[in-house]
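Scroll down for the structure; my scribbles are underneath it.
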Amino acid sequence: MSEFDYDLFVIGAGSGGVRAARNAAATGARVAVAEDRYLGGTCVNVGCVPKKLYSYAAHFHEAFEDAGGFGWRLPAAPEFDWATLRDNKIGEIKRLNGIYGRLLDNAGVRLINGRAKVLDPHHVSVAGETVSAEKILVAVGGWPWVPDFPGKELTVDSNRVFDLDAFPERFLVLGGGYIAVEFASIFNGLGSDTHLVYRGELFLRGFDREVREFTRDEMAKKGVNLHFETNIEAIEKVEGGLKVTLTNGETLEVDAVLAATGRRPHLEGLGLDQFDLATNPDGSLAVNERFETSIPSLLALGDVTGGPELTPVALAEAMQMVAHHFGDTTPEPLDYSRIATAVFCHPNIGTVGLSEEQARERYGAIRVYTEDFRPMKHTLSGSSERCLMKLIVDDESDVVVGAHMVGEEAGEVIQGIAIAVRAGLTKAQFDQTVGIHPTGAEEFVTMRTPARR
Ligand SMILES: Cc1cc2nc3c(=O)[nH]c(=O)nc-3n(C[C@H](O)[C@H](O)[C@H](O)COP(=O)(O)OP(=O)(O)OC[C@H]3O[C@@H](n4cnc5c(N)ncnc54)[C@H](O)[C@@H]3O)c2cc1C
């Protein structure tokens, strides 16, 4: 009989924590999990899920406009009701919270509602109880971070933006990451007069340059007011709204400001400061390939370890951790390259593998294939939205090392292409694939002439 209450104590019932708890329990391990806010973590409650639901809501705007060219006459100009969207979203998330609770319960995992604190490498205190465990998994995720400026307290962060009391007719997003561009598209689509303010020269740093520029142009066409190379100097309350002064001297009056200025590991009050654990340069917890911190009984995974901050990554890490610590065989190390990802701005971005800039740096010679076209749907809809597709090929091996798309359902399309890129298929094999007609995605197998080398 083990000297500990549990084999594994998980702190945080988010994407990584729940998957780790369930999978460990399935091997026969005795598992408990502590959660102090919401089952399902960031993704379910204030991340992927509500964000995608709001993105769907925002797309209806265009759908109504596009419908006219196909013969549909709407009886009156459609009106958007924020409270209906928000409250339906709340109902759906409650349903998902219940599912997560049942998943843990059915797996035989004990759930303790409360904020956990690590007392020593084998003890945790939570909800007035001290619990011992052979291994403690820190899966606490991240938390929004906002820089200091006068009026910072008047902003909302991505945790709060979903539940605003009133719909902001005038909306400003500060930031240039994927969360910022997604919310700018969402509120623009829902009907807000929307501004995006970013201190850099172009948003979505790290993505393919052509993709970033194309997205900038498409978002601007849809009416998002983009302000680059400037920042918020101050925000003050004025009659009927918020006055935002930018560092370039411009002032804007809006109803809400979303600070989408980054996320930090959620380590406050967790009790880890006492250990002097090794960290990465960004303050996230450093782990080895078994997901052990510098104290081997303290494990960590997901956003708190500073890898790609994506739910499927947290899930993969959880399964990998369980295989290492509770499985019979040592798994191959996780391969973090060629992880596909989407940005749900409008139009969507889907991407896998290297950007053109990264490929140029890594390989001696590359071929770049691009298609920039008006999708068939928009021949009748009248919309000026365009679609970009792009393949990047290592010239020597002919392997497709990057695939990018900006256009409707880009995430859905790139998920399929990602399998081919991950499998290391060549451009010749892409070319041998007979396309599906008429689709936009068929362009990925019909691009024959390089746009440049
Ligand atoms: C606005 C937004 C949109 C996103 N969109 C996407 C997307 O489209 N696709 C995608 O793949 N990813 C997306 N993400 C990222 C994704 O949500 C995260 O990568 C994922 O949730 C990380 O999982 P995790 O298990 O590391 O942490 P989390 O899911 O954040 O879970 C951590 C949990 O730990 C709990 N906790 C923290 N401290 C304690 C404590 N001391 N005691 C008890 N419980 C504690 C928290 O309450 C939380 O429930 C988005 C994130 C945001 C913010």
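Both counts, for ligands and for their atoms, begin at 1 and track the order of listing. Keep in mind that what you see is a predicted model, and the values were worked out from it rather than measured.
- Look at T341 and you'll find every heavy atom at least 4.0 Å from all atoms of ligand 1.
- By heavy-atom distance, the residue among R19, E182, E35 lying nearest atom 47 (O) of ligand 1 is E35.
- Cation-pi check for R264 over W145 is met; the charged atom lies under 6.0 angstrom from the ring centroid and within 45 degrees of its normal.
- The closest protein non-hydrogen atom to atom 27 (O) of ligand 1 is G141 CA, 3.3 Å.
- Both tests do not hold together for K51 against Y56: distance to the six-membered ring centre under 6.0 Å, angle to the ring axis within 45°.
- Close contacts between ligand 1 and H266 involve ligand atoms 37 (C) [criterion: under 4.0 Å to a heavy atom].
- For atom 18 (C) of ligand 1, the nearest non-hydrogen atom of the protein is D303 OD2, 3.2 Å.
- By the criterion of a heavy-atom distance under 4.0 Å, neither the backbone nor the side chain of K117 is placed next to ligand 1.
- The only member of L252, I232, V156 that meets side chain to side chain contact (heavy atoms under 4.5 Å, CB included) when paired with V257 is I232.
- One finds the NZ atom of K390 at 4.0 Å from the CD atom of E356 (value rounded to the nearest 0.5 Å).
- Contacts between C48 and ligand 1, counted as non-hydrogen atom pairs separated by less than 4.0 Å, involve both the backbone and the side chain.
- When I11, T311, L272 are ranked by how near their heavy atoms come to atom 11 (O) of ligand 1, first place goes to T311.
- Between Y198 and F228, the ring planes lie perpendicular to each other; the angle is over 60°, past the 30° to 60° tilted range.
- When each of M319, R290, E292 is tested with H324 by the rule side chain to side chain contact (heavy atoms under 4.5 Å, CB included), just one qualifies, namely R290.
- The residue among I339, D36, L137, V33 with a heavy atom at the shortest distance from atom 45 (C) of ligand 1 is D36.
- Open room surrounds CG on D165; 12 or fewer heavy atoms of other groups in view lie less than 6.0 Å from it.
- Residue-ligand proximity, G302 to ligand 1, at heavy-atom distances under 4.0 Å covers atoms 26 (O).
- Among C43, G47, A116, P144, the residue whose heavy atom lies closest to atom 17 (O) of ligand 1 is C43.
- The side chain to side chain contact (heavy atoms under 4.5 Å, CB included) test with I11 is passed by exactly one of L298, L270, V33, L137: L270.
- Heavy-atom proximity to atom 32 (C) of ligand 1, evaluated over A139, G41, G12, is greatest for A139.
- Taking every non-hydrogen atom of P312 and a distance limit under 4.0 Å, the qualifying atoms of ligand 1 come out as 11 (O).
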Show the numbers, then the answer: is there a side-chain hydrogen bond (donor to acceptor under 3.5 Å, both in side chains) between H346 and K222? CA-CA 8 Å; H346 297 189; K222 288 182 191 298; over 6 Å; no
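- In summary, the atoms of ligand 1 found under 4.0 Å from a heavy atom of G16, numbered by their order in the structure, are 25 (O).
- The nearest heavy-atom contact from the protein to atom 1 (C) of ligand 1 is V46 O, 3.5 Å.
- The shortest contact between atom 53 (C) of ligand 1 and any protein heavy atom is with R263 NH1, 3.4 Å.
- A perpendicular orientation is assigned to the rings of F80 and W82, their planes being inclined by more than 60° (bins at 30° and 60°).
- Within ligand 1, the atoms closer than 4.0 Å to a non-hydrogen atom of G114 are 42 (N), 43 (C), numbered from 1 in the order shown.
- Across Y178, W143, Y100, F344, heavy-atom proximity to atom 51 (C) of ligand 1 is greatest for Y178.
- From the protein, the heavy atom lying nearest to atom 29 (O) of ligand 1 is T42 N, 3.1 Å.
- Distances below 4.0 Å separate heavy atoms of I179 from the following atoms of ligand 1: 1 (C), 2 (C), 52 (C), 53 (C).
- Panel note: side chain D5, backbone V131; no donor-acceptor pair is recorded below 3.5 Å.
- A salt bridge links K243 to E236: at least one charged side-chain nitrogen sits closer than 4.0 Å to a carboxylate oxygen.
- Using a 4.5 Å heavy-atom cutoff, the side chains of E408 and K377 are in contact.
- For F183 and F162, the distance between ring centers is under 6.0 angstrom.
- Closest protein heavy atom to atom 31 (O) of ligand 1: G14 CA, 3.2 Å.
- Using a cutoff of 4.0 Å between basic side-chain nitrogens and carboxylate oxygens, R199 and E229 are not scored as salt-bridged.
- Listed by number with element, the atoms of ligand 1 under 4.0 angstrom from any heavy atom of V140 are 32 (C), 34 (O), 37 (C), 38 (N), 39 (C).
- Each of the following atoms of ligand 1 lies closer than 4.0 Å to a heavy atom of K51: 3 (C), 4 (C), 5 (N), 6 (C), 7 (C), 8 (O).
- Contacts between L270 and ligand 1, counted as non-hydrogen atom pairs separated by less than 4.0 Å, involve the side chain only.
- In terms of protein heavy-atom proximity, atom 39 (C) of ligand 1 is closest to R115 NH1, 3.5 Å.
- If you check each of E309, K52, E317 against atom 15 (C) of ligand 1, the one with the closest non-hydrogen atom is E309.
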